[in-house]
There are 2 protein chains.
Amino acid sequence: MSSEVTEMRKSRVAKSETHKRIIDIAARRFRERGLEGVSIAKLMEDAGLTIGGFYRHFDSKEALIVETVDRAFHDVDVWKTSCKDISEFIAIYLSANHRDHPGKGCAMGTLAVDISRMNGPPQTFFTRKIQGNLAYFEQCLLDESADERKATATTLLSCLVGAIAISRAVAADSELSDKILTDSKHGIAALLKRKVDALDRQVSATTTK
Amino acid sequence: MSSEVTEMRKSRVAKSETHKRIIDIAARRFRERGLEGVSIAKLMEDAGLTIGGFYRHFDSKEALIVETVDRAFHDVDVWKTSCKDISEFIAIYLSANHRDHPGKGCAMGTLAVDISRMNGPPQTFFTRKIQGNLAYFEQCLLDESADERKATATTLLSCLVGAIAISRAVAADSELSDKILTDSKHGIAALLKRKVDALDRQVSATTTK
DNA sequence: ATTATCTATAGATCTATAGATAATGC
DNA sequence: ATTATCTATAGATCTATAGATAATGC
């Protein structure tokens with residue numbers, strides 16, 4: 001602390017990198033500990049900074065939350081583009097790895113309830129991202145009317161978000177926690193049978209023991 | 001405040017009623033505002049008491065949380081016994097009324113994520129209640145193997161919990177919020193088709209416009 | 001001259017405890 | 001005598017601001 005050389009003002013470019021770093025860390029910590037479980041002082045410390053600089057980057061904690069929403073959805077956005085089909089996406093989403101690393105996972109599973117307790121901008125931005133995820137699922141679905149696709153997409157989203165949340169809540173009972181993930185995968189496979197732009201073989205492969 | 005007559009010591013019976021009242025209010029407030037969003041001082045004020053008395057009832061806030069878990073699941077427990085079949089349960093669970101009154105609704109939808117961030121006793125007790133809900137769903141399911149029943153029960157639970165959480169997160173967009181509830185009902189009806197101890201007519205009635 | 005970050009702190013809140021008060025219960 | 005609840009407060013936070021410092025950028 002006192003033995004460190006105090007680094008002072010950096011360039012504008014460096015500032016925007018700092019800004020990005022704060023958001024990166026916020027997106028992780030918020031998902032891990034909740035919006036109220038992360039203090040600005042600790043957040044800045046995690047970023048290698050002190051609390052004083054925070055308010056030159058953000059007007060308030062709420063403003064940080066708003067700016068962090070996009071970043072918190074980024075990991076799932078990457079899965080959406082990197083997965084070759086919806087089955088692969090579901091397998092990643094309902095994996096033990098996702099369950100055990102909420103800070104790098106789906107923001108809906110970790111932050112939806114916190115966000116529902118806030119009004120105004122945070123909820124608006126969060127809603128937009130949820131709509132994006134619903135659109136992705138719809139686009140993966142095939143042999144139904146538009147209404148049917150929407151309904152199935154919504155059901156799929158609900159099931160994924162619920163499953164990851166419940167599996168984490170029972171994490172102390174690791175067998176049950178695993179079972180919730182695999183059983184939900186199984187159930188989703190049944191729900192999506194012949195409704196999905198994916199190899200049926202694959203859906204079964206991830207859900208049949 | 002200062003004009004009120006200060007009421008002092010009450011009987012043991014009165015104390016146990018006070019104890020119950022604190023838990024009643026905690027169960028509501030925790031579901032509404034989250035475990036961290038409720039301070040003990042405000043909680044006691046809601047109960048018509050002051051903070052000083054709290055620690056004669058509970059060793060700590062965590063101890064209150066543990067004791068409150070059962071009460072927070074009570075409303076859903078009532079639905080389980082009062083609903084004549086699973087379809088009715090699902091209709092109540094995915095109603096706008098449930099969405100708009102989290103303090104009187106499902107503890108999994110409101111507290112599972114908060115609980116997953118705590119270790120120890122709160123999580124253990126919460127897990128037990130989740131198992132009870134899974135058992136209820138299993139018992140409602142019919143034409144499958146025990147494994148299939150378990151998988152469908154888990155999927156149903158995941159879907160319900162996810163749908164209510166997401167519908168609340170997008171509450172600012174009331175159309176979308178409603179749609180998430182009705183679409184999930186629709187999707188669940190498809191999932192449960194011929195798997196459920198319920199009138200198919202009824203499942204359809206709540207999900208077809 | 002401007003500004004990105006720092007140290008320090010005000011003011012609000014939160015959990016938990018100490019000790020007073022007044023009613024219960026022996 | 002015991003105890004259910006009260007008032008008051010210690011000590012630890014948390015958000016946000018004030019003013020200092022030292023580097024950037026004109």
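Any value given below was found using the heavy atoms of this structure, including those in side chains, with hydrogens, waters and symmetry copies removed.
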Has [X] got a side-chain N or O lying under 4.0 Å from the OP1 or OP2 atom of [N]?
X: K42(B); N: dC14(C); value: yes
X: S60(A); N: dT15(D); value: no
X: H19(A); N: dA4(C); value: no
X: S39(B); N: dT13(C); value: no

Give the rounded distance in Å between these two atoms: [atom1] of [X] and [atom2] of [N].
X: Y55(B); N: dA16(C); atom1: OH; atom2: C1'; value: 5 Å
X: I40(B); N: dA8(D); atom1: CD1; atom2: P; value: 20 Å
X: E36(A); N: dT15(D); atom1: CD; atom2: C1'; value: 13 Å
X: R33(B); N: dC14(C); atom1: CZ; atom2: C1'; value: 15 Å
X: R56(A); N: dG19(D); atom1: CZ; atom2: P; value: 12 Å
X: F54(B); N: dC14(C); atom1: CZ; atom2: P; value: 13 Å
X: M44(A); N: dA4(C); atom1: CE; atom2: P; value: 13 Å
X: L43(B); N: dA16(C); atom1: CG; atom2: P; value: 13 Å

Separation of E32(A) CD from S116(B) OG (nearest 0.5 Å):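 Reported value, rounded in 0.5 Å steps: 11.5 Å.
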On DNA chain C, does the nearest nucleotide to V38(B) precede the nearest nucleotide to V13(B) from the 5' side, or the other way round? Give the residue.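 Residue closer to the 5' terminus by nearest nucleotide: V38(B).
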[X] and [Y]: side chain donor to acceptor below 3.5 Å:
X: S184(B); Y: T154(A); value: no
X: H101(A); Y: N97(A); value: yes
X: E67(B); Y: H57(B); value: no

Return the nearest nucleotide to the side chain of [X]; candidates are [options].
X: K61(B); options: dT15(C), dT5(D), dG25(C); answer: dT15(C)
X: L49(B); options: dT5(C), dT5(D), dA16(C); answer: dT5(D)
X: I51(A); options: dA8(C), dC26(C), dT15(C); answer: dA8(C)
X: R12(B); options: dA20(D), dT7(D), dC26(C); answer: dC26(C)
X: S11(A); options: dG25(D), dA4(C), dT24(C); answer: dG25(D)

Pair partner, dG11(D) [Watson-Crick or wobble, under 3.5 Å]: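 Per the H-bond distance test, dC14(C).
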Is dT3(C) paired to anything, Watson-Crick or G-U wobble with both distances less than 3.5 Å, and if yes, which nucleotide?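 dT3(C) is paired, partner dA22(D).
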Is R71(A) salt-bridged to D75(A), cutoff N-O under 4.0 Å?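 Yes, charged N to carboxylate O under 4.0 Å.
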